[in-house]
Each structure stands twice: as structure tokens, then as C-alpha cells.
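One structure is given below, encoded as C-alpha cells.
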Amino acid sequence: MKIVLASSNGGKLRELVAMLAPLGHEVVPQSAFGIETPPETGATFVENAVLKAGYAASQLSLPALADDSGIEVDALGGRPGVNSARYAGEGATDRRNLEKLLGELQGVPSDRRTARYQCVIVLAREAADEEPLIACGSWEGRILTAPRGSGGFGYDPVFQPKA
């Protein structure tokens with residue numbers, strides 16, 4: 001089945017293509033069709049993912065897969081949350097977002113740096129899908145004081161999963 005991936009995030013694109021290709025799904029990014037991601041105006045990860053999947057499905061008359069995810073830091077009242085990709089401003093790089101996050105957490109002790117990744121994935125089978133498939137997940141951990149490791153993207157370099 002051909003599925004449009006409603007995302008402009010290169011890291012997410014690589015991961016989802018790698019997961020779905022072995023299942024026989026041809027995953028094509030929306031950028032291949034010249035479609036931009038609509039503004040993420042939702043107040044929740046679910047609202048944003050539904051909006052993106054529905055938009056791509058309506059533009060192409062194909063099933064569309066979209067996600068919205070981010071990191072919630074308890075010491076920051078849940079920020080950056082749905083604004084994770086834009087935390088340091090529209091068009092911010094991963095590095096700028098990390099710098100802002102670490103700057104705001106400077107001086108916060110390790111035991112108060114608890115956080116979680118939230119992720120929602122939505123499959124809209126058609127443009128007017130009144131019951132899209134929605135999957136939600138959460139991964140608990142904490143924010144480190146400096147980046148480490150390699151191969152990750154986004155906030156991965158500063159997130160340590162709970163053991």
C-alpha cells in the first residue's frame with residue numbers, strides 16, 4: 001500500500017520508512033508531491049497529528065501517516081511540549097532548541113530534571129476519515145546536563161531513559 005508520510009522531519013522520515021518498508025508499504029514523503037505541512041495549531045499532540053494526516057490525505061487522496069511528538073520537562077511545567085520543534089523559535093535547529101532547553105535547566109538538580117517523550121502517530125485512511133487510527137506512547141526519563149552519544153536527533157542527545 002502506498003502511504004504518504006506527512007512530515008518534514010528528516011529523522012522521523014528515516015525511522016518510519018525503515019519500520020514500514022519491511023511490511024510492504026511504500027512510504028512516500030509529502031515533499032515528493034510538493035505538499036507543505038500545515039501550521040500545527042493544535043493544543044495537543046493528538047490534535048496536531050490528526051490535522052497533519054487529514055491535510056495530506058485530502059491533498060493526495062491517499063492514506064496518510066503523521067506524527068506529533070515532543071518532550072515534556074517537569075521542571076519547566078511541561079514545556080517545550082507541543083512546541084518542541086519550535087522551542088527556540090520558528091525554523092530553529094535541533095542545536096538551538098537543545099541550547100535553550102539546557103539554558104533553562106541550568107542549576108536544576110538531577111532529581112528535578114524528570115521528563116518524558118510523548119509521541120502520537122495517526123493514520124488517516126482517507127481525507128474525511130472520521131475514525132483515524134491513533135497510537136500514543138510515552139517514554140519516561142530525565143534531561144542530562146550536556147549532550148552525549150551520536151546518531152540521534154532532536155532532544156535525543158540530552159534525554160536519558162529511565163532504567
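For the single chain, residues carry numbers from 1 onward in sequence order.
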(message) Please identify which of these residues, Arg79, Arg112, Arg116, Arg113, meets the salt bridge (charged side-chain N to carboxylate O under 4.0 Å, His left out) condition with Asp74.
(response) Arg116
(message) I'd like to know if the side chain of Asp67 reaches the main chain of Ile121, judged simply by a donor and an acceptor atom lying under 3.5 Å from each other, with no hydrogens or angles considered.
(response) no
(request) Write down the atom of Thr37, the atom of Gln30, and the distance for their closest heavy-atom approach. (result) OG1-NE2, 2.6 Å
(request) Verify, without hydrogens or angle tests, whether Tyr117 (side chain) and Asp156 (backbone) share a donor-acceptor contact under 3.5 angstrom. (result) yes
(request) Write down the atom of Phe45, the atom of Ser69, and the distance for their closest heavy-atom approach. (result) CE2-C, 3.5 Å
(message) Measuring only between side-chain heavy atoms, which start at C-beta, is Tyr87 closer than 4.5 Å to Leu76?
(response) yes
(message) Any non-hydrogen side-chain atom of Val122 less than 4.5 Å from a side-chain atom of Leu51?
(response) no
(message) Do Ile71 and Pro80 have side chains that approach each other closer than 4.5 Å (heavy atoms only, starting at C-beta)?
(response) yes
(message) For the CD atom of Glu126 and the OG atom of Ser58, what is their distance to the nearest 0.5 Å?
(response) 11.5 Å
(request) Treat each ILVMFWY residue as a node, draw an edge where side-chain heavy atoms are under 4.5 Å apart, and state whether Val28 and Tyr55 are in one component. (result) yes
(message) Given 3.5 Å as the limit, does a donor-acceptor pair link the side chain of Tyr155 with the main chain of Ser84, or not?
(response) yes
(message) Are Met1 and Leu16 connected into the same hydrophobic cluster when the rule is that any two of I, L, V, M, F, W, Y join if their side-chain heavy atoms are below 4.5 Å apart?
(response) yes
(request) Taking all heavy atoms of Val82 and all of Thr44, pick out the closest pair and write down the distance. (result) CG1-C, 3.6 Å
(request) Considering non-hydrogen atoms only, spot the tightest contact between Gly54 and Ala124 and give its length. (result) N-CB, 4.2 Å
(message) Quick one, Val108 and Ile143 - any side-chain contact, counting heavy atoms below 4.5 Å?
(response) no
(request) Calculate, to the nearest 0.5 Å, the distance between atoms CD1 and CG belonging to Ile3 and Leu123 respectively. (result) 6.0 Å
(request) State, yes or no, whether a side-chain contact exists between Val46 and Ile134 at a heavy-atom distance under 4.5 Å. (result) yes
(message) Counting only heavy atoms not in Arg96 (residues, nucleotides, ligands), do more than 12 fall under 6.0 Å from its CZ?
(response) no
(message) Using every non-hydrogen atom in the two residues, find where Phe159 and Trp139 come nearest and quote the distance to one decimal.
(response) CZ-O, 3.3 Å
(request) Quick one: pull up CD in Glu15 and OG in Ser7 and give me the separation to the nearest 0.5 Å. (result) 10.5 Å
(message) Using side-chain heavy atoms (C-beta onward) and a distance below 4.5 Å, is Glu47 in contact with Thr41?
(response) no
(request) Could you tell me the separation between the CG atom of Leu102 and the CG atom of Leu98, rounded to the nearest 0.5 Å? (result) 6.0 Å
(request) Treating Ile, Leu, Val, Met, Phe, Trp and Tyr as nodes and any side-chain heavy-atom pair under 4.5 angstrom as an edge, say whether Leu144 and Leu105 lie in one connected cluster. (result) no
(request) Heavy atoms only: give me the nearest Ala88-Asn97 pair and the separation to one decimal. (result) N-OD1, 2.8 Å
(message) Using a 6.0 Å cut-off, check whether atom CD of Gln106 has over 12 heavy atoms from anything other than its own residue.
(response) no
(message) Does Leu133 form a side-chain contact (heavy atoms from CB on, under 4.5 Å) with Arg125? I'd like the steps, not just the answer.
(response) CA-CA 8 Å; Leu133 300 175; Arg125 292 160 287 213; 3.6 Å; yes
(request) Taking the side chain as every heavy atom from C-beta outward, state whether Asp68 and Lys52 have any pair of such atoms under 4.5 Å apart. (result) yes
(request) Could you tell me the separation between the CD atom of Gln118 and the CD atom of Glu140, rounded to the nearest 0.5 Å? (result) 7.5 Å
(request) Measure the shortest side-chain to side-chain distance between Asp129 and Pro63 over non-hydrogen atoms and say whether it is less than 4.5 angstrom. (result) no
